[in-house]
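In listed order, ligands and their atoms are each counted from 1. Keep in mind the model is a prediction, meaning the values are calculated, not measured. Note that these values count all heavy atoms, side chains included, but never hydrogens, waters or copies made by symmetry.
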Amino acid sequence: MLTRRTFFKGAGIAVAAGTVAKSALAALPEIVSTHSAAMQPPLIPPNGRPYRAVATLNGWTLPWRMRGGVKEFHLVAEPVIREIAPGMTAHLWGYNGQSPGPTIEVVEGDRVRIFVTNRLPEHTSVHWHGQRLPNGMDGVAGLNQPSIKPGQTYVYEFAAQRAGTFMYHPHADETTQMAMGMMGFWVTHSRDPKFMPVDRDYVFLLNAYDISPGSYTPKVSTMLDFNLWTFNSRAFPGTAPMVARLGERVRIRVGNLTMTNHPIHLHGHEFVVVGTDGGWTSPGSRWPEVTTDIAVGQMRAIEFTAAAPGDWAFHCHKTHHTMNAMSHSVPNTIGVEQDDLAGQITSLVPGYMSTGGAMGNMQMNMPLPANTLPMMTGSGPHGDMEMGGMFTVMKIRANLAHGDYRDPGWYQAPAGSVAYAWEGEPPPAERGGGTAPAAPESAPFKVRKPSGSMQH
Ligand SMILES: [Cu+2]
């Protein structure tokens, strides 16, 4: 079993000390933070009501302390450095060393006290998105409370009244602070651990950044034209895979804090939406889906049985959201004679090398500035995947232990079960203005003649 000590040790999580006078923090819970973007195993609750802990994609759950029957957490709003994927880091704002901040897990009925220390260069606040709470705890700066000035610590306190899926984010200079990565996940577990049990419960946020190729800091005035689409501030191939043992019941909870909607799509399985922002859906209201659209500010919890072994793609279905920092000025090169093109580009971009192909190869062969992810990237067991952004893989295996969240590697498909190249004679080509052969009399269909080509 994972103890608090081994959790900290294994996760590379550090208890900060020395930055603030100990006497000033004597009454505050210790600050726990991490500088790793690796996915941490679920935090088994060391005290309080029992629950089945969630797994945060490329993230972690914030430990707490119990004081007088109250669960006390300490969030620190601060500048952080986040690896978006190997080869690219971003200078963001977040909580406790990372963006997004740590997941907060409590149980329905828990009394919760959250200390929020502001180490940003400007004021902030925290809004507990979706929660039933006293109006003065809702976190809208100016409306419900004064803003938290740099250096100040504020205390939020309320009872977790409703089980479900929630988020937290600033409600002060929001456009800037959310564009900089300030957000986190919150799960309130049912008081009954047997309510809607699942074997794996993954959580993550959808977020987006506008970081110019070669730079580190998001542009905070961007309203819609973001160029990095991420799951929990990670872009493929930096996104951790989600894993499950064959036959397990899997829940995935997704919150959307970007400025557009995302149709989230799972391959090879049907799922049902079991939870929304407002709570659990009634069983009679559910229908099977393979894609569910998650609007801005919404959460969706989906569930399915891991019925088929394999590496199943899981991604946003907007194709430009499964790409990394892209240039909108890339021309369409489909059908363009590549030999001429290479010469023309070489005159503009020294060092350019073409290997043929269309848009993907052209872009992938461009020299990239430092700290920039290729637009279409990632390689799998069968070659280039040409993905990025909001993409990961659901890895289902028969031989996986319950509770094992480690990446099992690529799926070894049984012989004869993989799509293969047909090796007979190629079919007759038909090209406009070319010499398409006439269809034999016995053919079950007619070969359409190019218009304007009257041969018979
Ligand atoms: Cu999307």
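Between Asp201 and Arg52, none of the side-chain N atoms (NZ, or NE/NH1/NH2) sits under 4.0 Å from a carboxylate O, so this pair counts as no salt bridge. Under the 4.0 Å criterion applied to side-chain N and carboxylate O atoms, Arg234 and Glu83 are assigned as salt-bridge partners. Taking the charged nitrogens against the carboxylate oxygens, Lys318 and Asp293 have no contact shorter than 4.0 Å, which rules out a salt bridge.
Around the Cu ion (ligand 1), the protein N, O or S atoms found under 2.8 Å comprise His262 ND1, Cys316 SG, His321 ND1.
The local environment of CD in Gln412 is sparse, with at most 12 non-hydrogen atoms from other residues, nucleotides or ligands closer than 6.0 Å.
Partners of Pro134 according to the side chain to side chain contact (heavy atoms under 4.5 Å, CB included) rule, which considers only residues two or more places apart in sequence or in another chain, are Met137, Phe158.
Taking the six-membered ring wherever Trp is involved, the centroid distance between the rings of His267 and His265 falls below 6.0 Å.
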